[in-house]
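Worksheet: one structure, shown below.
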There are 2 protein chains.
Amino acid sequence: MKLSLKVEYALRVLAQLGRYHGSTKLAHIEDLAEAEEVPSNYLVQILNELRNGGVINSRRGKQGGYALAKEPEGISLFDVMMVIDPGLFSNSPSRAGQSGPLVAESLNKIGAAFEARAKEISIRDLMPRDAGPMYYI
Amino acid sequence: MKLSLKVEYALRVLAQLGRYHGSTKLAHIEDLAEAEEVPSNYLVQILNELRNGGVINSRRGKQGGYALAKEPEGISLFDVMMVIDPGLFSNSPSRAGQSGPLVAESLNKIGAAFEARAKEISIRDLMPRDAGPMYYI
DNA sequence: GCCAAAGTTAGGTAACTCACTCAACTTTGG
DNA sequence: CCAAAGTTGAGTGAGTTACCTAACTTTGGC
């Protein structure tokens, strides 16, 4: 499936915001841009869309910055894609032509598999995994 | 997932070629274009790529035309997409940035689900279903 | 052996999208 | 009040998409 760079950028930055989660510090655009190697001029747009989509919160002025709006496990990759690249899921295939309906049906099945998987993965899954409980003999 | 019109056109036309399958008649571009509502000028290109990709066979000259190269159940939607829109499966996400690797891994999982489903559906599934065997009491 | 019917090939293009850039503006804390 | 931050809107070069056009080649039938 063809994914835009924009979606990748958004996910990387959200993963980075996930690392800030729990602390009271807010993340700054420049820091996010540097840590995740995203052009900061472009990141401005992406963060705006994520905020308008309710995925992140922001604060202006000095001491300003960004933070996740919910727990990392409460934000799925599907949620992010819907905000950043809505056309990914909304464009249903045409039913034109004699075979249009059956083709559309099959393509929708493939799209459903894509969508289902995207809903199963959360921002938490993009964050470095804490070492699990260790058992010593 | 974002699919090109080109892929839809290709699938509709292949479904139509599926209807010809079994008979000795070859399908003509103009007939395919009309039945599936695909611009014939564009269809020329698509049929060429399908032929170069080994999905269909063609014959030139009078009595010329197109036919599926294999049984309809032997051609998956994945096969068709690989020929018509190879970038759909080949472009792997970047691993740049601190979260690049984990993001790439997750996106690859979603891509794998997409790919797996596309391999499960064949041109046969795009053809009108024959009435099954009927049992009379 | 022509010629008409078919597929083959190459090239062009208008409109659109993507991945940015730039500049002006607003808010906030010290 | 001013500097540090986010906000907003507009612009743009390169590339892609979905076509169109025209010249070419092959084949079968008369």
Side-chain angles (χ1 to χ4, degrees), chain A residues 2-13 17 20 24-34 36-53 55-69 81 84-88 90-91 93-94 96-97, chain B residues 2-13 17 20 24-34 36-53 55-69 81 84-88 90-91 93-94 96-97:
Chain A
K2 214 175 320 184
L3 281 184
S4 59
L5 258 184
K6 200 176 181 181
V7 166
E8 286 187 39
Y9 287 162
L11 292 176
R12 296 221 298 266
V13 165
L17 284 175
Y20 282 73
T24 58
K25 285 189 303 184
L26 295 181
H28 299 157
I29 290 186
E30 287 305 329
D31 297 339
L32 293 171
E34 191 177 353
E36 298 297 345
E37 296 181 27
V38 176
S40 62
N41 282 333
Y42 195 24
L43 183 53
V44 165
Q45 278 182 36
I46 295 172
L47 288 170
N48 240 277
E49 293 178 29
L50 289 173
R51 185 175 48 81
N52 292 333
V55 178
I56 60 177
N57 292 324
S58 65
R59 197 161 60 172
R60 288 178 150 203
K62 259 181 164 169
Q63 268 28 353
Y66 297 92
L68 294 181
M81 291 174 182
I84 293 298
D85 200 347
L88 258 185
S90 67
N91 63 350
S94 153
Chain B
K2 214 174 319 182
L3 282 184
S4 60
L5 257 184
K6 200 177 184 182
V7 165
E8 286 188 40
Y9 288 161
L11 292 175
R12 296 222 298 267
V13 165
L17 284 176
Y20 282 74
T24 59
K25 285 189 303 183
L26 294 180
H28 300 159
I29 289 186
E30 287 305 327
D31 297 340
L32 293 170
E34 191 175 353
E36 297 297 346
E37 297 181 28
V38 176
S40 63
N41 282 332
Y42 195 23
L43 184 52
V44 165
Q45 279 183 35
I46 295 172
L47 288 170
N48 240 277
E49 294 179 28
L50 289 173
R51 185 175 47 80
N52 291 333
V55 178
I56 61 177
N57 292 324
S58 66
R59 196 160 62 172
R60 288 179 151 202
K62 258 181 164 169
Q63 269 28 353
Y66 297 92
L68 293 182
M81 291 175 183
I84 293 298
D85 199 348
L88 258 184
S90 66
N91 64 351
S94 153

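Basis for what follows: all heavy atoms, side chains included, without hydrogens, waters or symmetry-related copies. Lettering follows sequence order; numbering is per chain, from 1. Remember, predicted model here, so these are calculated numbers, not experimental data.
E8(B) places no side-chain N or O within donor-acceptor distance of the main-chain N or O of P93(A), the cut-off being under 3.5 Å. The main-chain N or O of A96(A) is found under 3.5 Å from a side-chain atom of R12(B) such that the two form a donor-acceptor pair. A donor-acceptor pair is defined here as one N or O able to donate and one able to accept, closer than 3.5 Å; such a pair exists between the side chain of H28(A) and the backbone of G64(A).
Taking only side-chain atoms of K62(A), from C-beta outward, the nucleotide of dA18(D), dG7(C), dA4(D) with the closest atom is dA4(D). With distances taken from any side-chain atom of Y9(B) to the nucleotides dC20(C), dA18(D), dC19(D), the minimum falls on dC19(D). The side chain of I29(B) has dG7(C) as its nearest neighbour among dG6(D), dG7(C), dT21(C). Of the candidate nucleotides dT8(D), dG7(C), dG6(D), dT8(D) has the atom nearest to the side chain of R51(A).
Residue A27(A) is the one, among S4(B) and A27(A), whose nearest nucleotide of DNA chain D lies closer to the 5' end (criterion: closest heavy atom).
R60(A) has its CZ atom 19 Å from the P atom of dA3(D), to the nearest Å. A straight line from CD of E49(B) to P of dG7(C) spans 17 Å, rounded to a whole angstrom. Following rounding to the nearest Å, I84(B) (CD1) and dT17(D) (P) show an atom-to-atom distance of 12 Å. For the pair N52(A) CG and dG6(D) P, the interatomic distance rounds to 15 Å; values are reported in whole Å. The distance between atom CG of L3(B) and atom C1' of dT17(D), rounded to the nearest whole Å, is 14 Å. Between the CG atom of N41(B) and the C1' atom of dA22(D) there is a distance of 11 Å, rounded to whole Å. For D85(B) and dT16(D), the CG to C1' distance is 11 Å, given to the nearest whole Å. If you take CG of L5(B) and P of dC20(D), they are 12 Å apart, rounded to a whole angstrom.
In terms of phosphate contacts, Q63(B) brings no side-chain nitrogen or oxygen within less than 4.0 Å of OP1 or OP2 of dT26(D). Look at N48(B) and you'll find a side-chain N or O under 4.0 angstrom from OP1 or OP2 of dT9(C). Residue K2(B) places at least one side-chain N or O under 4.0 Å from the OP1 or OP2 atom of dC18(C). Of the side-chain N and O atoms in Y66(A), none sit less than 4.0 angstrom from OP1 or OP2 of dA5(D). Within the 4.0 Å cut-off from OP1 or OP2 of dA6(C), not a single side-chain nitrogen or oxygen of R59(B) is found. In this model, the phosphate group of dT8(C) is approached by a side-chain N or O of S58(B) to a distance below 4.0 Å at OP1 or OP2. Considering only side-chain N and O atoms, Y42(A) lies nowhere under 4.0 angstrom from the phosphate OP1 or OP2 of dC22(C).
Within 3.5 Å, a donor on the side chain of Q45(A) pairs with an acceptor on the base of dT21(C), or the reverse.
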Q.
What verdict does the side-chain contact (heavy atoms from CB on, under 4.5 Å) test give for I29(B) and Y66(B), after you've listed the backbone C-alpha separation in whole Å, the side-chain angles of each residue and the deciding distance to 0.1 Å?
A. CA-CA 8 Å; I29(B) 289 186; Y66(B) 297 92; 3.4 Å; yes
Q) side-chain contact (heavy atoms from CB on, under 4.5 Å) between Q63(B) and L26(B): does it pass, once the steps are laid out? A) CA-CA 8 Å; Q63(B) 269 28 353; L26(B) 294 180; over 6 Å; no
Q: Take L43(B) and E36(B), measure what side-chain contact (heavy atoms from CB on, under 4.5 Å) needs, and give me the verdict at the end.
A: CA-CA 10 Å; L43(B) 184 52; E36(B) 297 297 346; over 6 Å; no
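In this structure dG30(C) sits in a base pair with dC1(D), meeting the Watson-Crick or G-U test at under 3.5 Å.
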